[in-house]
S.K.: 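I am attaching a structure below and will ask some questions about it afterwards.
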Number of protein chains: 4
Amino acid sequence: MSDAPFDTMDEAAASRARQEADPDPEAGGIAADRLRSIIERVERLEEERKALADDIKDIFAEAKSAGFDVGVVKQVIRLRKKEPAEVEEMETLLDLYRRALGM
Amino acid sequence: MSDAPFDTMDEAAASRARQEADPDPEAGGIAADRLRSIIERVERLEEERKALADDIKDIFAEAKSAGFDVGVVKQVIRLRKKEPAEVEEMETLLDLYRRALGM
Amino acid sequence: MSDAPFDTMDEAAASRARQEADPDPEAGGIAADRLRSIIERVERLEEERKALADDIKDIFAEAKSAGFDVGVVKQVIRLRKKEPAEVEEMETLLDLYRRALGM
Amino acid sequence: MSDAPFDTMDEAAASRARQEADPDPEAGGIAADRLRSIIERVERLEEERKALADDIKDIFAEAKSAGFDVGVVKQVIRLRKKEPAEVEEMETLLDLYRRALGM
DNA sequence: CAAGAATTATGAACCC
DNA sequence: GGGTTCATAATTCTTG
């Protein structure tokens with residue numbers, strides 16, 4: 001595959017070449033370009049994810065300064081993710097268990 | 001935020017709203033509309049976040065089926081987030097400690 | 001267990017006896033004594049676990065004040081949990097991927 | 001916490017430790033014995049921690065086969081860790097928010 | 001054995 | 001700024 005076989009280079013030179021000039025698309029038997037593509041796409045998406053996380057944080061800060069209890073608001077959001085029937089069922093059981101324990 | 005949102009509702013509609021959601025935008029002294037806005041915005045952003053997480057998962061699945069070791073790829077990504085000098089420092093220490101332990 | 005008649009038992013013991021004889025001794029059809037036993041045993045074990053976690057934290061504090069890099073020490077401990085061959089394999093791959101990316 | 005962990009070892013034990021793992025107690029300018037002591041103590045405590053975790057897991061398995069909802073039992077345990085007043089307060093707020101949202 | 005849930009650990013954020 | 005709680009990431013374990 002390579003036009004400049006590494007067996008005529010010493011290791012350091014080969015390494016330099018790979019890094020600086022020709023990132024050998026199959027260096028070490030690896031599909032380097034494929035790997036780079038994968039990593040860069042993940043990094044891009046992670047950045048977007050982080051931006052959204054920051055936005056969410058801002059909203060909770062707003063909630064807090066509006067006087068809401070952020071922990072409880074988060075709990076509400078968690079409940080809304082579940083099926084109402086499931087919530088109902090869990091709350092019934094929770095009541096039952098607490099009663100059994102005298103809580 | 002309107003203080004009298006029901007002015008334009010007929011009685012039946014108002015009644016339904018009261019029953020199903022919240023008749024009183026200040027029930028229990030709570031700014032219900034404000035709370036709802038906060039929660040819905042967070043939920044919207046969380047959906048987007050989830051979509052991105054799924055995309056990332058897809059990419060790792062692709063990496064795996066291309067023969068890459070996903071754990072190691074993640075490690076590479078983690079390393080790329082750090083300053084090169086910091087990485088260097090950690091690796092030097094790691095070597096030192098392992099040597100001290102005969103590993 | 002005890003051969004002593006119920007009137008010399010404390011409440012817990014009486015309760016236990018009640019459960020063994022009658023699987024449905026309490027409100028809501030719940031085996032309250034069984035539940036209580038489960039919860040109390042878990043809580044006891046969790047306390048012990050917490051104590052151990054605190055001890056570990058103390059040791060890392062000691063390591064830090066002795067000049068060790070705690071993050072790297074933890075990494076060493078993680079490595080020691082793995083098979084040497086597995087560690088070797090991962091490090092080889094990591095090198096390979098980093099080289100492919102010019103890191 | 002002892003600053004001199006070898007105080008409690010006899011000479012033979014200290015000597016054995018040095019021999020098996022690292023012959024040079026100061027390899028690389030590192031207090032190798034100190035490091036080894038730290039790591040081995042942590043590993044010992046982590047083993048105990050794991051044993052307790054397994055015990056807890058067993059109890060939850062028992063709870064499950066006795067017909068309890070393990071998730072709800074865990075929730076009860078979480079509630080019991082909090083101050084009753086705090087639980088009460090949170091539940092009041094939760095009710096309030098849910099009502100405001102018509103949940 | 002792969003997918004999903006649950007636990008654990010690390011890193012970030014908040015309060016004191 | 002240090003310590004503690006909280007969020008995210010990773011590993012582990014269970015289940016289909």
Side-chain angles (χ1 to χ4, degrees), chain A residues 42-43 45-65 69-75 77-78 81-82 86, chain B residues 42 45-46 49-50 52-54 56-65 69-83 86 90, chain C residues 42 45-46 49-50 52-54 56-61 64-65 69-83 86-87 90, chain D residues 42-43 45-61 63-65 69-75 77-78 81-83 86 90:
Chain A
V42 169
E43 286 174 340
L45 293 170
E46 281 183 354
E47 270 175 49
E48 295 180 36
R49 239 166 94 74
K50 169 136 190 29
L52 289 172
D54 289 345
D55 291 346
I56 291 172
K57 194 171 302 185
D58 287 346
I59 296 174
F60 282 124
E62 171 195 336
K64 184 177 180 177
S65 71
D69 181 312
V70 172
V72 177
V73 173
K74 286 180 183 178
Q75 204 173 337
I77 291 172
R78 248 177 279 131
K81 282 182 187 156
K82 296 186 200 288
E86 189 190 350
Chain B
V42 169
L45 293 170
E46 280 184 353
R49 241 167 95 73
K50 168 130 191 31
L52 289 172
D54 289 345
I56 291 173
K57 193 172 299 190
D58 287 347
I59 295 174
F60 281 125
E62 171 195 335
K64 183 177 182 178
S65 70
D69 181 312
V70 172
V72 177
V73 172
K74 285 184 181 176
Q75 206 173 337
V76 169
I77 292 172
R78 250 177 279 133
L79 287 177
R80 283 164 62 102
K81 282 182 187 158
K82 297 186 199 287
E83 294 295 320
E86 190 190 350
M90 275 192 42
Chain C
V42 169
L45 293 170
E46 281 183 353
R49 246 167 89 73
K50 170 134 190 27
L52 288 172
D54 289 345
I56 291 173
K57 194 172 298 188
D58 287 347
I59 295 174
F60 281 124
K64 182 176 181 179
S65 70
D69 181 311
V70 172
V72 177
V73 173
K74 285 182 182 178
Q75 207 173 336
V76 169
I77 291 172
R78 250 178 280 130
L79 288 177
R80 283 163 61 101
K81 282 183 187 156
K82 296 186 200 287
E83 293 296 317
E86 190 191 352
V87 173
M90 276 193 42
Chain D
V42 169
E43 286 174 340
L45 293 170
E46 281 183 352
E47 268 174 50
E48 294 180 36
R49 237 167 96 75
K50 170 139 191 23
L52 289 171
D54 289 345
D55 290 347
I56 290 172
K57 194 171 300 186
D58 287 347
I59 296 174
F60 281 125
K64 183 177 181 180
S65 70
D69 181 311
V70 172
V72 177
V73 173
K74 286 181 182 176
Q75 205 173 337
I77 291 172
R78 248 176 278 130
K81 282 182 186 155
K82 297 185 199 288
E83 293 295 317
E86 189 191 351
M90 275 192 43

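Here is the naming used below: chain letters follow the sequence lines, and residue numbers restart at 1 for every chain.
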S.K.: Any side-chain heavy atom of Val73(A) sitting closer than 4.5 Å to one from Val42(B)?
M.R.: no
S.K.: With Lys82(D), which residues qualify under side-chain hydrogen bond (donor to acceptor under 3.5 Å, both in side chains), at least two apart?
M.R.: none
S.K.: Strictly under 4.0 angstrom, non-hydrogen atoms only: write out the protein contact profile of nucleotides 11-16 of chain F, one letter per nucleotide from the 5' end, B, S or -.
M.R.: --SSS-
S.K.: Calculate the interatomic distance between Asp58(B) atom CG and dA3(E) atom C1'; express it in whole Å.
M.R.: 14 Å
S.K.: Between C1' on dA9(F) and CG on Leu79(B), what's the gap in Å once rounded to a whole number?
M.R.: 15 Å
S.K.: Rounded to the nearest 0.5 Å, what separates atom CD1 in Ile77(D) from atom NZ in Lys81(D)?
M.R.: 7.0 Å
S.K.: Taking all non-hydrogen atoms of both residues into account, name the closest pair between Arg49(B) and Leu52(A) and its distance.
M.R.: N-CD1, 3.6 Å
S.K.: Among residues at least two apart in sequence or on other chains, which ones pass side-chain hydrogen bond (donor to acceptor under 3.5 Å, both in side chains) with Glu43(A)?
M.R.: Arg80(B)
S.K.: In Å, rounded to the nearest 0.5 Å, how long is the span from NZ of Lys50(D) to NZ of Lys57(D)?
M.R.: 6.0 Å
S.K.: Between Glu48(A) (CD) and dT8(F) (C1'), how many Å, whole number?
M.R.: 18 Å
S.K.: Would you mind reading off the distance between Lys81(D) atom NZ and dC6(F) atom P, rounded to a whole angstrom?
M.R.: 13 Å
S.K.: Taking CG from Asp69(B) and P from dA10(F), how many angstroms apart are they, rounded to a whole number?
M.R.: 13 Å
S.K.: Using whole Å, report how far CD1 of Ile56(A) lies from P of dA13(E).
M.R.: 14 Å
